[in-house]
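One structure is given below, encoded as structure tokens.
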Amino acid sequence: MKTCLVVDDSKVIRKVARRILEDLGFEIAEASDGMEALAWCRAAMPDAVLLDWNMPVMNGIEFLRHLRREPGGDKPTVVFCTVENDLDHIREALAAGANEYIMKPFDGDIIASKLVEVGLA
Amino acid sequence: MTPEDRELAAQICASRAGLLIDPEKAYFIESRLAPVARREGFGSVDDMLGDLRLKRDDRLAWSIVEALAAGETAFYRDRRPFALFETEILPTLARLRGNEPIRIWSAACGSGQEIYSLAMTVEDMRGQIPGAKVELFASDLSERALEKAQSGLYTQFEIQRGLPIRHLVNHFEKADEMWVLSPRIRQMVRWRRINLIADLSTAGRFDVIFCRYVLGGLTPQMKPRLLENLARALSPDGFLVLGEGEGVTGVSDAFQAVTGRPGVYARNPAYRAAA
């Protein structure tokens with residue numbers, strides 16, 4: 001079973017994303033900020049990361065830059081999932097190594113379509 | 001809406017566009033027609049159909065057909081047809097045609113996601129098919145759909161259905177809360193209102209026709225008519241692409257499936273000889 005780490009400081013968003021991703025056949029782990037997510041990845045690299053941008057302690061883009069420098073950190077498919085919806089943010093995310101980008105609000109169709117895009121569903 | 005009203009709406013769709021509308025689907029019909037009634041200044045859908053019975057207003061009848069015809073769409077819908085277009089269909093035609101134009105038609109283009117997906121593919125492939133002249137055409141039954149398509153404006157929801165994020169970055173700009181396709185891509189497409197079951201003899205000749213999720217929604221009588229119309233509009237060595245679950249078997253001999261390429265059809269040479 002493929003694993004997906006859901007990183008978001010909102011418990012509600014994590015719960016919604018978990019339900020959608022479980023229906024798509026993923027095993028889910030959750031983290032509420034970038035630092036926690038990094039700890040998860042160091043313990044067990046997931047196949048995919050669904051990543052919020054604005055979070056306390058360590059935000060999404062900083063997490064992504066750290067992740068890509070970790071051993072094996074180039075492997076996970078990282079899909080941003082954020083309210084930031086301007087081209088500058090999207091370009092910055094892609095430059096930092098994001099594979100796809102979802103603008104909130106999202107629904108199950110959008111998540112499924114983006115995961116197909118990156119070859120995970 | 002009374003069952004008679006729904007029956008009337010279904011009949012209008014069948015006679016004008018060959019559309020199969022189930023008069024039992026009360027919620028579907030009513031929810032599609034309510035905005036039309038509002039737009040046209042009627043107090044209710046019932047009032048609108050009552051008026052239509054009396055006056056037989058042609059423009060109003062078409063508005064009803066357009067509202068009931070509109071289907072779902074997405075960028076790169078089903079993905080595979082676009083991958084085949086990119087890796088096989090377009091390179092093959094580029095070789096065959098040389099400097100002659102390759103004409104591509106999105107028949108029943110809706111709000112334009114299909115033809116724009118093809119246009120972006122062509123644009124991104126320029127380096128691999130130097131010298132190829134590709135002409136893109138799109139048609140729909142609905143003037144309203146064509147207007148929306150031509151604007152190239154999409155909501156945040158629409159641009160997240162099927163469109164890879166790199167394509168968004170490369171080809172779209174933000175316009176307030178909407179996203180707008182670059183003029184460069186928009187200008188590649190020519191638009192026309194076409195009823196696919198009417199006489200298509202002036203529609204022109206095409207090398208590739210994408211006509212997806214139309215055949216499946218037609219009345220049994222109009223299905224062969226659609227395929228025969230498309231066969232006449234397709235060049236002898238061209239390709240027709242249908243939607244998933246749509247086939248020609250038992251409908252018409254005008255086309256034959258291309259082996260190993262699901263959804264792709266070629267003209268049947270035997271049928272051409274007979275015609």
Side-chain angles (χ1 to χ4, degrees), chain A residues 4 6-8 13 16-17 20-21 23-24 48-54 60-61 64-65 68 74 76-121, chain B residues 70-87 110-114 116-118 120-121 124 152-186 212-213 243-244 262-263:
Chain A
C4 181
V6 176
V7 191
D8 200 303
I13 297 279
V16 171
I20 292 168
L21 289 161
D23 284 348
L24 293 168
V49 181
L50 190 73
L51 183 62
D52 188 17
W53 193 300
N54 302 302
I61 196 83
L64 178 55
R65 292 191 180 115
R68 292 308 192 204
D74 56 334
T77 300
V78 175
V79 179
F80 258 103
C81 184
T82 166
V83 291
E84 301 298 346
N85 63 358
D86 57 275
L87 279 172
D88 287 344
H89 274 92
I90 299 173
R91 287 200 185 97
E92 191 182 350
L94 292 175
N99 301 86
E100 257 297 341
Y101 197 103
I102 293 169
M103 291 170 262
K104 289 176 183 168
F106 60 92
D107 62 10
D109 282 352
I110 290 176
I111 292 203
S113 134
K114 291 289 184 179
L115 289 174
V116 168
E117 215 53 66
V118 293
L120 274 175
Chain B
E72 280 239 353
T73 183
F75 287 98
Y76 300 93
R77 183 174 181 186
D78 303 336
R79 297 169 58 90
R80 185 163 55 193
F82 296 93
L84 284 173
F85 176 78
E86 181 180 350
T87 57
S111 39
Q113 283 92 333
E114 178 174 81
Y116 286 142
S117 300
L118 293 168
M120 286 184 275
T121 306
D124 294 342
L153 276 169
Y154 295 96
T155 64
Q156 186 165 295
F157 256 98
E158 287 171 321
I159 51 100
Q160 299 203 80
R161 300 225 185 268
L163 186 70
I165 198 69
R166 284 183 194 280
H167 288 44
L168 182 79
V169 170
N170 291 339
H171 298 299
F172 285 79
E173 290 288 338
K174 215 166 165 210
D176 298 322
E177 287 312 297
M178 304 281 280
W179 291 84
V180 61
L181 184 60
S182 73
R184 190 184 166 82
I185 301 290
R186 275 186 285 148
R212 301 187 306 145
Y213 304 105
E244 278 179 11

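Each chain gets a letter, A, B and so on, in the order its sequence line appears, and its residues count up from 1. Side chains are part of it too, since the values below use all heavy atoms of this structure and drop only hydrogens, waters and symmetry mates.
- Not counting sequence neighbours, the partners of P105(A) by the side chain to side chain contact (heavy atoms under 4.5 Å, CB included) test are Q156(B), F157(B).
- Distance check: S113(A) OG to R77(B) CZ gives 12.5 Å after rounding to the nearest 0.5 Å.
- With sequence neighbours excluded, the residues that form a ring-ring contact (aromatic ring centres under 6.0 Å, His included) with F82(B) are Y76(B), F210(B).
- By a heavy-atom distance cut of under 4.5 Å, I90(A), R91(A), L94(A), A98(A) are the residues of residues 88-98 of chain A near chain B, going up by number.
- Residues of residues 165-177 of chain B lying within less than 4.5 angstrom of chain A, judged on heavy atoms, are I165(B), R166(B), L168(B), V169(B), F172(B), E173(B), K174(B), E177(B) in numerical order.
- Judged by distance alone, the side chain of Q160(B) and the main-chain N or O of M103(A) form a donor-acceptor pair under 3.5 Å.
- At a 4.5 Å heavy-atom cutoff, the contact between N85(A) and chain B is made by backbone and side-chain atoms alike.
- Both the backbone and the side chain of V116(A) come within less than 4.5 Å of a heavy atom of chain B.
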